[in-house]
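All values derive from a computational prediction rather than experimental measurement. Read the numbers this way: they start at 1 and go in the same order the structure lists the ligands and their atoms.
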Amino acid sequence: MAKGDPGASTRGRRAAPRSRKAATGDPELVQLLTPTGERIESVTGPDGTEYRVDFTDEEYRGLYRDLVLVRKLDAEATALQRQGELGIWASLLGQEAAQVGSGRALRTQDMAFPTYREHGVLYCRGIDPIMPLGLFRGVDQGGWDPNEFKFNMYTIVIGAQTLHATGYAMGVAMDGKTGTDDGEAVIAYFGDGATSQGDVNEAFVWAGVFNSPLVFFCQNNQYAISEPLERQTRIPLYRRAAGFGFPGIRVDGNDVLATYAVTRHALDNARHGQGPSLIEAYTYRMGAHTTSDDPTRYRIASEVEAWQAKDPIARMKAFLEREQIAAADFFTEVDEQARREAVDLRERVLAMPNPEPATMFDHVYPNGSPLLDEQRAQFSRYLESFEGSAH
Ligand SMILES: Cc1ncc(C[n+]2csc(CCOP(=O)(O)OP(=O)(O)O)c2C)c(N)n1
Ligand SMILES: [Mg+2]
């Protein structure tokens with residue numbers, strides 16, 4: 001799918017769906033592509049909404065390309081960290097479909113609030129994938145313009161961005177930017193562990209009460225570092241929404257098609273003034289929480305293997321092959337592009353200049369402050385104290 005063209009699903013519809021006719025599926029988990037790559041034509045959600053996608057062959061191939069590219073770039077970032085070139089990295093391995101499906105479902109005007117793991121959404125927003133690497137290499141303060149890309153800064157404070165997103169979404173409504181097809185919707189990403197935070201529950205209350213144009217997108221990757229899901233909740237997370245007065249739905253987060261369909265529907269509801277909703281994208285963190293974590297200490301190999309069988313990329317590939325939407329030369333070409341982009345990313349990371357240490361004071365306030373000036377001066381004197389020393 002063309003970058004920056006998330007509305008492409010309505011163009012060039014396939015003449016006849018080559019999928020098996022099945023309107024069933026588990027209503028508790030919206031799925032349009034099974035782990036073996038079989039298409040389910042549509043699924044009816046608990047509220048009667050019919051979820052389906054109708055992509056052109058080119059768009060299907062585009063989604064596959066996105067999945068492969070974000071996985072490869074993520075693997076390269078992990079390797080860079082292992083080689084000492086990044087301080088830390090939070091891998092998206094296994095969550096590619098949840099991120100690409102929801103990222104491509106965003107319309108140009110929609111605003112996203114990520115955590116620290118949404119490299120796939122960032123990619124779909126058209127941001128250079130090197131940007132977060134500057135952050136984790138410690139050579140810039142975070143780096144992109146949220147308004148230019150409609151994608152906010154990474155947020156490490158668990159759940160905090162859901163409050164930012166709620167305030168922003170309330171503002172969107174107050175500015176009268178909802179109620180039409182061109183209306184703006186907001187999406188807030190967070191994890192299963194974040195649902196236990198007060199911030200997230202407060203965000204649910206405010207967004208619900210103010211009917212804000214906001215989609216809460218929870219990637220349930222089954223763990224909050226070492227804490228498994230059963231330590232966060234006694235009911236499926238999507239059902240929490242009912243208690244706050246808005247709809248909740250669970251989607252197969254390893255299915256890029258279903259994730260796209262569900263997110264697009266929720267965003268369109270939001271932009272038309274129908275208020276917030278909660279999507280629980282049911283997925284799995286295939287790798288470590290971050291490069292500082294060792295998941296073998298708290299989960300067993302057979303669990304990881306069971307989820308490998310549900311791999312989001314393998315099922316899309318199986319579907320493309322089964323339906324003859326793509327052949328071997330296409331897959332080779334995508335792998336080659338991914339390899340090239342990873343090499344390019346690596347070269348550019350290694351070439352990133354180290355900043356002058358005192359520049360960390362520069363963008364705290366738009367016009368500076370006397371206190372910061374004093375701190376900058378103190379810090380400069382401290383650095384100068386090393387001159388001529390063994391350091
Ligand atoms: C307010 C706050 N508390 C604790 C932490 C430490 N911390 C970092 S990631 C994490 C787990 C988050 O789990 P989840 O919300 O499931 O997101 P995931 O990392 O699995 O994507 C915790 C507790 C933090 N960053 N912020
Ligand atoms: Mg988690």
- Query: Under 2.8 Å from the Mg ion (ligand 2), is there an N/O/S atom belonging to N221?
  - Reply: yes

- request: Measure from the Mg ion (ligand 2) to each N, O or S atom of Q222 and report whether any distance is below 2.8 Å.
  value: no

Next item on the list: Carefully, step by step, assess Y284 and K310 under the rule side chain to side chain contact (heavy atoms under 4.5 Å, CB included).
Entry: CA-CA 9 Å; Y284 192 74; K310 302 180 194 172; over 6 Å; no

Note to self: For the backbone of Q197 and the side chain of N201, can you confirm whether one donor and one acceptor N or O come within less than 3.5 Å of each other?
What the structure shows: yes

Which atom of D192 is nearest the Mg ion (ligand 2), counting N, O or S only? It is OD1

Path from L237 to V262 over hydrophobic side-chain contacts below 4.5 Å = no

**OP:** Specify whether Y154 and F151 have parallel, tilted or perpendicular ring planes, treating 30° as the upper limit for parallel and 60° as the lower limit for perpendicular.
**Re:** perpendicular

Please report the C-alpha distance between Y64 and F331 in whole Å, then the side-chain angles of each, then the deciding distance to 0.1 Å, and finally whether the ring pair (Phe, Tyr, Trp, His ring centres under 6.0 Å) criterion is met.
CA-CA 9 Å; Y64 175 81; F331 297 117; 5.2 Å; yes

List of N/O pairs, ligand 1 versus protein, all under 3.5 Å?
from     : atom 1 : to   : atom 2 : distance (Å)
ligand 1 : 15 (O) : G193 : N      : 3.3
ligand 1 : 15 (O) : A194 : N      : 2.9
ligand 1 : 16 (O) : D192 : N      : 3.3
ligand 1 : 16 (O) : D192 : OD1    : 3.0
ligand 1 : 16 (O) : D192 : OD2    : 3.4
ligand 1 : 16 (O) : G193 : N      : 2.8
ligand 1 : 16 (O) : Y223 : O      : 3.1
ligand 1 : 17 (O) : Y116 : OH     : 3.4
ligand 1 : 19 (O) : Y116 : OH     : 2.6
ligand 1 : 19 (O) : R117 : NH2    : 2.7
ligand 1 : 19 (O) : H289 : ND1    : 3.3
ligand 1 : 20 (O) : N221 : OD1    : 3.1
ligand 1 : 20 (O) : N221 : ND2    : 2.9
ligand 1 : 20 (O) : Y223 : O      : 2.8
ligand 1 : 21 (O) : R117 : NE     : 3.0
ligand 1 : 21 (O) : N221 : ND2    : 3.4
ligand 1 : 25 (N) : I156 : O      : 2.9
ligand 1 : 26 (N) : I158 : N      : 3.1

For H289 and Y223: C-alpha separation, side-chain torsions, deciding distance, then whether ring pair (Phe, Tyr, Trp, His ring centres under 6.0 Å) applies. CA-CA 8 Å; H289 168 71; Y223 286 92; over 10 Å; no

Exercise for the section: Can you label the angle between the W307 ring and the Y282 ring as parallel, tilted or perpendicular, going by 30° and 60°? Expected result: tilted

